[in-house]
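Just below is one structure, and these are the notes that go with it.
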Amino acid sequence: TVGAVAIDAQGHLAAGTSTGGMTNKRWNRVGDSPVIGAGTWADSRCAVSGTGWGEFYIRSAAAHNICARVAHRGESAAQAGGKVINEEIVALGGDGGALVMTADGGYAFPFNTPGMYRGWVSVDGTPQVAIYASETLQGDV
Amino acid sequence: VTPQLIIHGGAGVAPGDLSAEEERGARAALQEALLRGQAILKAGKSAQEAVVAAIVVLEDSPYFNAGRGAVFTHEGRNELDASLMLGNGQRAGAVAGVRRVKNPITLAQAVMEQSPHVMLTGQGAETFAKEKGLPLVEPDWFRTEKRWQQLQRRLAEEAGKQAARSDEAEYRRYVG
């Protein structure tokens, strides 16, 4: 699965996700990636793209759940993303990661696997890229 | 707020999973996706355009499970899903189970912008893509040998487990 989240000069957020699903999937199985609210969500305060065991992202409405925590509890990207990805989904038996960005420019890369391909760049910055959990990228949760 | 872009190419990768060439290729593709999105943001364009541009780079790279490089279904096909959502107005588009659309994220964008619907699936989604003039490719475009071998290993494992535990529910075997 791949995904991207951005905020533009107008302060508008967008999120997108694309995937091939799971190896050996059957019966036209569909995971969370195309399910709005599970694998992808964006509103005026927060945007999320997920990557992980899709059934658990659907059952926890992961992407919307993260943004609801930002909107209604005032949590940061790291707090909300960490709570849903690294606590709620893990408690259900799932795993994976996500991108979270908030309208104030905060962002986070919560994940609970040995690694997640990830990267960040600002409009005038130098791109930062990481793969494994042992590499530290600002925003890692 | 400073315009910015964050991307992922999937979770679950562990040290030792990748060859040196694969790791270099994946890092280069991530970097290219960031630069492509950055150029769009620098031009004052929208977050939507930056997101789609970055994802197209990752879909076209063989190192990630999306577009070219996607994993195989049990039947040996590539079935692709994608979605896009905008915070401004909460518009959304999504597609599932497409097999010939070169960049599924652009089809999700077309569903959002050019239809009254949010999600299209399968053959209908491909017909919509054709009507809208989106690039279609032969299914072989998505195939990589690494993903094909991953499927063969899974099928072999599954055959072994079925022989040993033929009374186990199919769903349990599927989710492991």
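Proteins get letters first, then strands, A, B, ... in listed order; numbering begins at 1 in each.
For L99(A), the parts lying under 4.5 angstrom from a heavy atom of chain B are both the backbone and the side chain. Of the atoms belonging to D104(A), it is backbone heavy atoms, and not side-chain ones, that fall under 4.5 Å from chain B. Contacts between A63(A) and chain B at a heavy-atom distance below 4.5 Å are absent for every atom of the residue. The parts of P15(B) that come within reach of chain A are both its backbone and its side chain, each placing non-hydrogen atoms under 4.5 angstrom from that chain. Both the backbone and the side chain of N88(B) come within contact range of chain A, with heavy atoms under 4.5 Å apart. Heavy atoms closer than 4.5 Å to chain B are found in the backbone of A103(A), but not in its side chain. Both the backbone and the side chain of A9(A) come within less than 4.5 Å of a heavy atom in chain B.
The OG1 atom of T17(A) lies 6.0 Å from the CD1 atom of I55(B); values are rounded to the nearest 0.5 Å.
Side-chain contact check for T126(A) versus V121(A): every heavy-atom pair is 4.5 Å or farther apart. Annotation: side chain of L155(B) is in contact with side chain of N24(A) (closest heavy-atom distance under 4.5 Å).
At least one donor-acceptor pair closer than 3.5 Å links the side chain of N112(A) to the backbone N or O of I85(A). In terms of modelled atom types and a separation under 3.5 Å, the side chain of D81(B) and the main chain of V30(A) share no donor-acceptor contact.
For chain A, the option among G9(B), A33(B), A39(B) with the highest count of heavy-atom pairs below 4.5 Å is G9(B). Ranked by non-hydrogen atom pairs under 4.5 Å with chain A, the options V71(B), N65(B), L58(B) are led by N65(B).
Using cut-offs of 30° and 60° on the angle between ring planes, the pair W120(A) and Y107(A) is parallel.
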